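Reviewing the structure listed below.
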Amino acid sequence: MKRVWICRIALVLSLAVLLTCSGTAGALSFTMFPVGEQSIRVLYGWEGKTIVAITPYEGDYLVEYNYSHGRETRESLLEWVFGETGRRVQLTAMSEFTSYEITGPGQVSYTTTGADTGVPWKGLPETCIVSVLGDAHGTLDGNGLETYTDHAPIWVDPAEPFYIGFWDGAPDPGERCFQLYDARIDADGLSFSFIPSGDSVERFQSFFPACTTIPSMDTRFDPNSRTFTLRLYNTCLSSGGMTQKELNWAGEGFYETLYPYEFPAGSLGRDSHFLKNVEIHADGEDTVLTAVLTEYAYRLTVEQSNLGYDNIPSFRLIFREKNYDLDGWDAN
């Protein structure tokens, strides 16, 4: 035991000397000392990184770390460290993980909460698979395969409430104002698209900061009536108080001949395989859609897009039946 501690102290001291002589921690690598959990902790610490977890795998290491500097944070990054050479490969950007596991040499499957760490936005959880590019020396195999990332859609139980939209550690509908442009029943769900509210210049311009987004939304489900409720925050069914001069001044030619615009409240039309009695109406500053889910509506996912030239944000609610290949034979 005494020898082990002497070796550890010697390793830390040698690292300290290397760091002092180099003049910059960021320029260091594992080429001058052995790769191991202790050296990883020391080197990452000198680089200003806080280690969350180290997972050994067949001589290599998966490192989860962040830049918290003692502050509480939910977000971290994953990095692969080759034990043979000390080569490091960053696998993810900053994410809020719910789980991750090593699925092979240099390959990791992980699931996030859906919260975006770059902007205050939360979507559905996301599951990804990422693989390291090259071997311990950075050499590609004969096929020259690139890093592989698989973004699998997350299917949620429509009976469980979920929230998508602006997020600051909690739901926050934000101040952007929307006008419902179109809503319709698809074969496998519902489609929606949006334009700015035309009631005032302020509401019109709130639509555009950085890039357009879909409205913040949440869902509810009544198991007794099987009524599914979707609320679109800060979204109106009709608008158009802006003058032509104000529209011209706003400089968005795409919308200049559109207002006043109204999407009719009431039924969206005939029933589908998954939905019955689909209706839409205004509720204060929001738009609310209700529908009765059929027995076939087992799981739900959301696909987001933007039509035109970043002018018409849109999304689809997609339902599916029970699938034993996806859900397992013991699925309820």
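What you see is a predicted model; the values in this text were computed from it and never measured.
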- Task: Spell out, as yes or no, whether a donor-acceptor pair under 3.5 Å connects the side chain of Asp157 to the backbone of Ala159.
- Result: yes

- Task: Check step by step if side chain to side chain contact (heavy atoms under 4.5 Å, CB included) holds for Thr229 and Phe221.
- Result: CA-CA 6 Å; Thr229 302; Phe221 182 74; over 6 Å; no

- Any donor-acceptor pair under 3.5 Å linking the side chain of Arg226 with the backbone of Leu293? yes

- Query: What about Phe166 and Phe207, same hydrophobic cluster or not, with Ile/Leu/Val/Met/Phe/Trp/Tyr joined at side-chain heavy-atom distances under 4.5 Å?
  - Reply: yes

- Message: Quick one: does any side-chain atom of Thr112 pair with a main-chain N or O of Ser95 as donor and acceptor, under 3.5 Å?
- Response: no

- Task: Look only at the side chain of Thr235 and the backbone of Phe178, and say whether a donor-acceptor pair between them is shorter than 3.5 Å.
- Result: no

- Message: Contact between Arg316 and Ser191 at the side-chain level, heavy atoms closer than 4.5 Å - yes or no?
- Response: yes

- Message: Please determine whether a side-chain nitrogen of the Lys or Arg among Asp135 and Arg87 lies less than 4.0 Å from a carboxylate oxygen of the Asp or Glu.
- Response: no

- Query: For the hydrophobic clusters of this structure (ILVMFWY residues joined by side-chain heavy atoms under 4.5 Å, transitively), does one cluster hold both Val288 and Ile280?
  - Reply: no

- Min side-chain heavy-atom separation Phe97-Tyr110 under 4.5 Å: yes

- Should Val292 and Leu275 be marked as a side chain to side chain contact (heavy atoms under 4.5 Å, CB included) after you check the CA-CA gap, both sets of side-chain angles, and the distance that decides it? CA-CA 6 Å; Val292 175; Leu275 303 164; over 6 Å; no

- In Å and rounded to the nearest 0.5 Å, what is the CD1 to NZ distance from Ile51 to Lys49? 8.5 Å

- Query: Does the Arg203 side chain pair with the main chain of Pro196, one donor and one acceptor, at a distance under 3.5 Å?
  - Reply: no

- Message: I'd like to check Gln304 versus Pro313 (side-chain heavy atoms, cut-off strictly below 4.5 Å). Are they in contact?
- Response: no

- Message: I want to check something: taking the side chain as every heavy atom from C-beta on, are Val63 and Ile40 in contact at a cut-off of under 4.5 Å?
- Response: yes

- Task: Kindly give the heavy-atom pair with the smallest separation between Asn234 and Pro173, and that separation in Å.
- Result: ND2-O, 3.7 Å

- Aromatic ring pairing Trp80/Phe82, orientation class (parallel under 30°, perpendicular over 60°, tilted between): perpendicular

- From Phe204 atom CZ to Glu202 atom CD, the distance as rounded to the nearest 0.5 Å: 12.0 Å

- Are Ile185 and Phe192 grouped together when hydrophobic residues (ILVMFWY) are joined by side-chain heavy atoms under 4.5 angstrom apart? yes

- Query: Under 30°, 30 to 60°, or over 60°: which ring-plane class applies to Phe194 and Phe315, parallel, tilted or perpendicular?
  - Reply: parallel

- So is Arg88 actually on top of Tyr61's ring, under 6.0 Å and inside 45° of the axis? no

- Query: Are Ser238 and Glu262 close enough that a side-chain donor and a side-chain acceptor fall under 3.5 Å?
  - Reply: no

- Query: Going by atom types only, do Gln179 and Ser239 share a side-chain donor-acceptor pair under 3.5 Å?
  - Reply: yes

- Under 6.0 Å between ring centres, would you say that holds for Tyr181 and Phe263? no

- Task: Please test Tyr67 against Met94 for side chain to side chain contact (heavy atoms under 4.5 Å, CB included), starting from the C-alpha separation and ending with a verdict.
- Result: CA-CA 10 Å; Tyr67 295 94; Met94 193 79 76; 4.1 Å; yes

- Just how far is it from atom CD of Glu37 to atom OG1 of Thr55, taken to the nearest 0.5 Å? 8.5 Å

- Write down the atom of Tyr259, the atom of Ile195, and the distance for their closest heavy-atom approach. OH-CD1, 3.9 Å

- Any side-chain heavy-atom pair of Val108 and Thr103 under 4.5 Å: no

- Please round to the nearest 0.5 Å and tell me the distance separating atom CG of Asp271 and atom CG of Asn277. 5.5 Å

- Task: Please answer: with hydrophobic residues joined when any side-chain heavy atoms are less than 4.5 Å apart, are Leu230 and Leu300 in the same cluster?
- Result: yes

- Task: Please check if the side chain of Asp188 supplies one atom and the backbone of Arg320 the other of a donor-acceptor pair under 3.5 Å.
- Result: no

- Query: With Tyr233, which of Asp172, Asp218, Asp286 fulfils side chain to side chain donor-acceptor pair (under 3.5 Å)?
  - Reply: Asp218

- Please check if any side-chain donor atom of Ser193 sits under 3.5 Å from a side-chain acceptor atom of Asp182, or the reverse. no

- Message: When you measure from the side chain of Gln90 to the backbone of Thr92, do you find a donor-acceptor pair of N or O atoms at a distance under 3.5 Å?
- Response: yes

- Query: When the aromatic ring centroids of Phe274 and Tyr296 are compared, is their separation below 6.0 Å?
  - Reply: no

- Just by modelled atom types, is the Pro125 backbone N or O under 3.5 Å from a matching donor or acceptor in the Thr113 side chain? no

- Message: Does any part of the side chain of Phe319, heavy atoms only, come nearer than 4.5 Å to the side chain of His273, both counted from C-beta?
- Response: no

- Message: Would you compute the distance between atom CD1 of Ile318 and atom CD of Glu303 and round it to the nearest 0.5 angstrom?
- Response: 3.5 Å

- Message: Keeping Ser267 on the side-chain end and Glu279 on the backbone end, is there a donor-acceptor pair under 3.5 Å?
- Response: no

- Under the side chain to side chain contact (heavy atoms under 4.5 Å, CB included) criterion, do Lys122 and Ile164 qualify, and how do the steps go? CA-CA 5 Å; Lys122 185 178 187 300; Ile164 290 178; over 6 Å; no

- Task: Measure the spacing between CD of Glu79 and CD of Glu64 and express it to the nearest 0.5 Å.
- Result: 12.0 Å

- Check the hydrophobic clustering (I, L, V, M, F, W, Y; side-chain heavy atoms under 4.5 Å; chains of links allowed) and say if Leu232 and Tyr261 are grouped together. yes

- Message: Regarding Thr98 and Thr111, do their side chains bring together a donor and an acceptor under 3.5 Å, going by distance alone?
- Response: no

